[in-house]
Amino acid sequence: MSSETGFDPELYGRFPTQEARPAGELEELQRVWCAPKGWGYLAVVNNNYVGLYYVGAAFLFFLLAGALALVMRVQLALPLNGILPQETYNQVFTMHGTVMMFLFAVPAMEALGVLLLPQMLAARDLPFPRLSAYAFWAYLVGGLCFFASIFFGLAPDGGWFMYPPLTSKTFSPGINADFWLLGIGFIEISAIAGAVEIVVGVLKTRAPGMTLDKMPIFAWAMLVFAAMIIIGFPAVILGTLLLEMERALNWPFFDAARGGDPMLWQHLFWFFGHPEVYIIFLPAAGLMSMMVPTIASSPLVGYRLIVLALLATGFISFGVWSHHMFATGMPTISVSFFSAASMAVSVPAGVQVFSWLATLASGRVRWTTPALFVVGAIITFTMGGLTGVMVALVPFDWQAHDTYFIVAHLHYVLIGGMVFPLFAAFYYWTPMMSRRALSERLGKWVFALTFTGMHVTFLPMHLTGLMGMPRRVYTYLPGRGWDLTNMISTVGAFLIAIGVLLFLIDLVRNFRFTAEDDAGNVYGAGTLEWLPTGLYSTRSIPLVRSRYPLWDDQNISKDVEEGRYFLPRTASGLRETIITSPLRADPQYVQRMPGPSAWHVLAAVFTAGFFLLLTVKANAPAVVSGVLAVVCVLRWVWETDRPMPLESIDIGAGVRVPTYVTGPMSHGWWAMAVLLTVAGMIFIMALFSYVFLWSRRPDLWIAPPALGWLGGLLAAYVVAGLAALAAGRTARAPRGAAVATTLLIGLAAVAVVLAWGLDIWSWWAAGLRPDASGQGATVFAIVSWQGFMLSVTLLMAGYVAARAAYGHLKRERTSTVDVVVLFITYVATQGAIGSAVVRLFPGAA
């Protein structure tokens, strides 16, 4: 018996079964997972449709940002050029960087995860398909509205990094900066939603037998990618909230005259901003590690070393954020640490590069278009990595930091580490979803033009930077030696544009989307995404015994298509997939998959509307849009805990698993745990902000309220936590469970409200005001974050009460109560810690 789940591995010996399944079962499966029609294309949740939409939208933003780059290169082609005035140029380069980093790079990787992971894991879909669709629609609607601001003179102009005080109300009095700060909000929500989906999907929906040691490298890369989003994105979420509160409410987080500090923004932004380079690189590296073995017709060399390298990169990358701040006058010990970490992070990247080279050398390379882009990516990324080690050396960084040398380094890393692998992936995986593969002849021209153009554009920028040309200037004087290199860079940019145009022509000529009659495994890969598929993914979910199942078992495709493996039919007449254990991938239960719905689409539209209406100061409509978004979300999740017709299902060969579980085995519990990790990181960053500002101006700190207040706060939070835990136990009681559970959750919510009110009143009575000092701003920011969590707690309490009133709270079905209890327990813990830190820390100091 498996010690992890109680599943008997000996049952695996029954697969594949000896007989093919009846054709009628396949027809029923096709009916349940039917293709959308009409308006159904908007409500669809199948990963192949949503993933394709997602990839297409990300590529659209790549094209838009690329068009802005061409405009900038035309402006800089000659000295004293007058194509763009300075203000417009600032908006253009800000939008170019913002769109590339926020609207293209990260969403493109999440999109590929949504599109490819279910096929690679042989799952019917990821566990929260409506969440993926919600993330996409919020991203598309909000992103298009955000980009449109450039046509109305409302685009931000402070750079993609938005450093205060230049972006404070004093120096940016319009709403341009607000478009960036609030416009990024929906992108952050979309990224977090996608990360939750990916973490739970990779850990809980793998095919039976696919242990962690047999997972595709891309799945490992996406798991680390999502974990880095969960840890890194909260810093920029908090930073944007603080800067917007300073602009809107005059709370001085970054105003040095009142105890704030602009350096706080840099710490928060780069804690996200530098790991984001690896957030972008790691999934692309995962794609490379999937394609290289196929290109070489040889298994990947050093699989376990690459997994360790992915984990090491994710870990070390959070120790290098301040290498963007070497020129700001940090202490010598800090500079030394971040310099060493910046060089150390190149080691795991080097492990992956040498693994790819060893794999290519050990096999027989076929020079297809994906192979050319893969090799081009290795060359370009290695060159960018070498200049990265150069700027990790502090004396060199002081000279090069604000020059075009850094522009060249950044683009070498991002284009070599992400864009070229993405183009390789387009050519490699298009046959999985198109009736025709893309053209090899045109593809080689696309590679030649983009590869040549990339080096023609950015290689001279190293020299331009070393000759002293600063970044972010809209023009320059003649006679400085920059004319020729800038003209060469502009010519190279247009070569890239021609290559991308050829790629679009190739797409138009050859891409014909299909979920069933695709071009197939034209490159001879050995992983599961190349199994025969339909709208339901694979006909039956295979038992995985190796890392390259299609190479090691010549009959697996036929056996899967004939239904000889797990879940060959829709056992309940509904959409289903198998949920497996995180480590060994043993079957645990069958999940009922949600189908198409309008609610997640409406929720996404109203979410984007909330942020965009706030940007233009339409506060009342923004509130209405926010309320409607919440209503749509509540309606969307209302049906997620409905029972299936059967308590257990035969998933094949007489193996039965339940259709419902509770507690930590449930995928919903895992999703809430991941989401609370995001909330916890925002809270930790808020505490960091408090301590950082105290360290800069302790003379402006006033004495905290008397400790008696703290005792009352802690008592209220303890009551809330205990009441929530008691509700979780009561929900499983034999009698009166629904009423008692509802009352206990209500008590927990009331206790949190009481504690929050006491917290605000105690600081107000002590004379602290949020607009008076950095202390007041950070303390009330922490209290405001707790207030937001409190509002969610109240919504959850009302939701539980509504489900109890409709008779949906059953002792056998407690998943809703489980996640609510987990959330309230976290909120009580966060409130207690926050109250103690802001009262005890200055006193102890």
Side-chain angles (χ1 to χ4, degrees), residues 98 101-102 106 158 160-165 167-168 177-178 180-193 195-196 227-255 259-276 279 318 321-322 324-325 610-611 614 674-696 770 774-792 826-827 830-831 833-835 837-838 841:
T98 301
M101 298 300 285
F102 288 100
V106 174
W160 78 280
F161 37 78
M162 293 294 286
Y163 286 161
T167 52
S168 66
D178 299 303
W180 192 95
L181 295 169
L182 292 170
I184 293 301
F186 57 82
I187 303 170
E188 294 160 349
I189 291 174
S190 175
I192 294 297
V196 172
M228 292 178 70
I229 286 179
I230 289 161
I231 296 172
F233 263 65
V236 75
I237 291 173
L238 179 68
T240 55
L241 289 173
L242 297 187
L243 185 51
E244 183 58 29
M245 283 194 289
E246 177 171 297
R247 290 176 55 83
L249 304 175
N250 195 30
W251 292 11
F253 299 102
F254 310 106
D255 182 357
D261 196 321
M263 289 290 291
L264 173 61
W265 170 268
Q266 292 202 36
H267 280 292
L268 292 174
F269 183 83
W270 289 118
F271 186 80
F272 142 83
H274 193 82
E276 189 189 25
I279 288 173
F318 284 101
W321 82 87
S322 284
H324 292 268
M325 302 166 62
F610 171 74
F611 286 102
L614 278 181
V674 174
L675 191 60
L676 290 179
T677 304
V678 175
M681 284 303 303
I682 294 176
F683 177 61
I684 290 170
M685 291 293 105
L687 293 181
F688 165 80
S689 303
Y690 173 83
V691 174
F692 179 81
L693 292 186
W694 170 84
S695 71
R696 308 298 262 187
Q775 180 192 19
T778 49
V779 166
F780 277 89
I782 292 169
V783 173
S784 298
W785 176 246
Q786 182 69 4
F788 170 76
M789 300 296 282
L790 167 62
S791 65
V792 178
Y826 167 81
V827 172
Q830 173 182 281
I833 293 173
S835 300
V837 169
V838 297
F841 176 75

Any chance you could measure [X], atom [atom1], to [Y], atom [atom2], to the nearest 0.5 Å?
| X | Y | atom1 | atom2 | value |
| --- | --- | --- | --- | --- |
| W321 | F272 | CH2 | CZ | 15.0 Å |
| H267 | L264 | NE2 | CG | 8.0 Å |
| L243 | L238 | CG | CG | 11.0 Å |

I'd like to check [X] versus [Y] (side-chain heavy atoms, cut-off strictly below 4.5 Å). Are they in contact?
| X | Y | result |
| --- | --- | --- |
| V236 | L268 | no |
| F683 | Q786 | no |
| M263 | R696 | yes |
| V106 | M101 | no |
| S168 | R247 | no |
| M162 | W265 | yes |

Parallel, tilted or perpendicular: rings of F318 and F271 (30°, 60°) = tilted
Which atoms form the tightest heavy-atom contact between [X] and [Y], and what is the distance?
| X | Y | answer |
| --- | --- | --- |
| Y690 | T778 | CD1-OG1, 3.5 Å |
| P252 | E246 | C-OE1, 3.6 Å |
| F253 | L242 | CD1-O, 3.2 Å |
| F780 | S784 | O-OG, 2.6 Å |
| G239 | F254 | O-CZ, 4.5 Å |
| P234 | V678 | CG-O, 3.7 Å |

Yes or no on ring-ring contact (aromatic ring centres under 6.0 Å, His included) for W180 and F161, after CA distance, side-chain angles and deciding distance?
-> CA-CA 10 Å; W180 192 95; F161 37 78; 9.1 Å; no
Could you list the donor-acceptor pairs under 3.5 angstrom formed by side chains in residues 181-193, with sequence neighbours left out?
from: S190; atom 1: OG; to: Y54; atom 2: OH; distance (Å): 3.2
from: S190; atom 1: OG; to: A135; atom 2: O; distance (Å): 2.8

Contacts of W785 meeting ring pair (Phe, Tyr, Trp, His ring centres under 6.0 Å) (sequence neighbours excluded), chain-then-number -> F788
Apply ring-ring contact (aromatic ring centres under 6.0 Å, His included) to the pair H324 and W270, showing each step before the final yes or no.
-> CA-CA 7 Å; H324 292 268; W270 289 118; 3.8 Å; yes
